[in-house]
Amino acid sequence: MRPEALTRRPADARVVHEGPIFQAWQWEQRLFDGSSRRYEVLTRRDTVLVLPVTPDRQVLLASERQPGVRERLHTIGGRIEDGESPEDAAARELGEEAALSASRLVLWAAWQPLSKIDWAVYLYWAGGLSDTAPAGTDPGETIRLLSMPADDLLRFREVERIQDMELEYRLGRASMLEKERTIMEETFHRAWRGDA
């Protein structure tokens, strides 16, 4: 189920800009005192993030370069295409970016990270990995896979190497909230070992 947007866009909202990633919507919003003000929100395609886990408890991360953007270490992932479920998108991105398939995709979390952007993020663990034929590379990116001990990620060690706002948010919540830490660890073990 898609997480609900933090800002509700009314039926009379209209698109004022449409770019390759974002749409900008505006509308007149009635305020509590009876006056009104123009409100605005962005929308974009929802995205998936995938953390593949190897049998020897390594988490694979992507070291990616794009034209005009410095190299960064982050999760495997990308946009959900029309007609795709989040899980199908996770499987596709895992194949495209890592040349891997997974017998287990386990959802760790799904959320809307920002109040001014209607954009859901789905974070998966991937276990039961096997190699697939390398997919055609995107001319706008180069990716190298790097591994990190899962225990470092689960215990919040060495995470400063990761430049991934969405993953950092989930790790931060898990470091502060026992319930979030339990969910992170349980979903990791379901992906890694295949526990039901």
Side-chain angles (χ1 to χ4, degrees), residues 1-3 45-64 72-113 119-138 141 143-196:
M1 184 168 162
R2 185 178 190 272
R45 285 187 183 271
D46 295 342
T47 55
V48 293
L49 308 175
V50 185
L51 289 166
V53 182
T54 65
D56 61 347
R57 291 180 63 95
Q58 296 289 307
V59 173
L60 302 178
L61 296 165
S63 179
E64 181 178 4
R72 64 190 187 97
L73 187 63
H74 61 88
T75 56
I76 291 163
R79 292 178 242 179
I80 299 173
E81 301 298 335
D82 288 336
E84 244 183 349
S85 70
E87 188 169 325
D88 289 342
R92 178 183 50 76
E93 289 290 344
L94 186 60
E96 288 177 1
E97 294 191 356
L100 293 170
S101 65
S103 63
R104 295 179 299 278
L105 283 169
V106 179
L107 183 65
W108 167 4
W111 72 102
Q112 291 259 356
W119 162 49
V121 177
Y122 300 83
L123 176 57
Y124 287 89
W125 295 105
L129 302 175
S130 56
D131 293 330
T132 63
T137 57
D138 181 330
E141 62 188 13
I143 297 173
R144 289 181 304 123
L145 293 181
L146 301 176
S147 64
M148 167 185 264
D151 289 330
D152 284 357
L153 192 68
L154 295 170
R155 299 290 166 244
F156 319 110
R157 296 187 298 258
E158 301 293 326
V159 294
E160 69 275 355
R161 295 176 29 208
I162 301 169
Q163 295 97 35
D164 187 320
M165 174 188 78
E166 296 85 18
L167 178 59
E168 291 172 25
Y169 172 78
R170 292 320 304 184
L171 289 171
R173 288 184 60 85
S175 73
M176 296 182 293
L177 304 168
E178 185 63 35
K179 179 181 175 186
E180 294 281 339
R181 183 177 310 119
T182 299
I183 292 168
M184 176 186 69
E185 291 173 352
E186 286 176 356
T187 55
F188 165 80
H189 284 287
R190 285 182 25 227
W192 176 56
R193 294 193 309 230
D195 296 348

Q.
For the CD atom of E160 and the CD1 atom of I162, what is their distance to the nearest 0.5 Å?
A. 9.0 Å
**Q.** Minimum-distance pair of heavy atoms, taken over all atoms of L105 and A90
**A.** CD1-CB, 4.2 Å
Q) W111 ring centre to R170 NZ or CZ under 6.0 Å, with the angle to the axis within 45°? A) yes
Q: Would you give the length of the straight line joining atom CG of L153 to atom CZ of R161, rounded to the nearest 0.5 angstrom?
A: 10.5 Å
Q) Quick one: CG on L61 to OG on S147, what's the gap to the nearest 0.5 Å? A) 8.5 Å
Q: Could you grab the distance from atom OH of Y122 to atom CG of L49, nearest 0.5 Å is fine?
A: 11.5 Å
Q: Please check if the side chain of E97 supplies one atom and the backbone of G77 the other of a donor-acceptor pair under 3.5 Å.
A: yes
Q: Looking only at non-hydrogen atoms, find the nearest pair between A98 and L145 and report the distance.
A: CB-CD1, 3.7 Å
Q.
Could you tell me if the side chain of L73 sits less than 4.5 Å from the side chain of L146, heavy atoms only?
A. yes
Q. Is there side-chain contact between L51 and L123, with heavy atoms separated by less than 4.5 Å?
A. yes
Q: Would you verify whether the NZ or CZ of R57 falls within 45 degrees of the ring axis of W192 while also being under 6.0 Å from that six-membered ring's centre?
A: yes
Q.
Quick test of your reading of the model: are D82 and R45 salt-bridged, counting only N-O distances below 4.0 Å?
A. yes
Q) Are the side chain of R104 and the backbone of G127 linked by a donor-acceptor contact shorter than 3.5 Å? A) no
Q. Closest approach of V48 and Y124, non-hydrogen atoms and distance?
A. CG1-CE1, 4.4 Å
Q) For the residue pair W125 and F188, does the interplanar ring angle fall in the parallel (under 30°), tilted (30 to 60°) or perpendicular (over 60°) class? A) perpendicular
**Q.** Flag side-chain contact, heavy atom, 4.5 Å: P52 against L94
**A.** yes
Q. Just checking, any donor-acceptor pair under 3.5 angstrom between side chains of R144 and S63?
A. yes
Q | Pair R92-E81, side chain to side chain contact (heavy atoms under 4.5 Å, CB included): steps then yes or no | A | CA-CA 10 Å; R92 178 183 50 76; E81 301 298 335; 3.5 Å; yes
Q: Keeping the roles fixed (side chain from T47, backbone from R79), state whether a donor-acceptor pair exists under 3.5 Å.
A: no
Q) Donor-acceptor pair, Q112 side chain versus P3 backbone, under 3.5 Å? A) yes
**Q.** Between CD on residue E166 and CG on residue D164, distance to nearest 0.5 Å
**A.** 5.5 Å
Q) Should M184 and L154 count as side-chain neighbours, where that means a heavy-atom distance under 4.5 Å? A) yes
Q. So, does R72 use its side chain to make a donor-acceptor pair with the main chain of Q163 at under 3.5 Å?
A. yes
Q: Check V159 against D152 and note the closest heavy-atom contact, atom names and distance.
A: CG1-O, 4.3 Å
Q) If you measure from CD on E93 to CD1 on I76, what distance do you get to the nearest 0.5 Å? A) 9.5 Å
Q: State, with a plain yes or no, whether a side-chain heavy atom of E186 is found less than 4.5 Å away from one of T182.
A: yes
**Q.** Salt bridge flag under 4.0 Å for residues E185 and R155
**A.** yes
**Q.** Shortest non-hydrogen contact between Q58 and P149, atoms and distance
**A.** OE1-N, 3.5 Å
Q.
Using side-chain heavy atoms (C-beta onward) and a distance below 4.5 Å, is Y169 in contact with P113?
A. no
Q) So which heavy atom on A62 is nearest to which on I143, and how close? A) CB-CG2, 3.8 Å
Q. Are a donor atom and an acceptor atom from the side chains of S130 and S101 found within less than 3.5 Å of each other?
A. yes
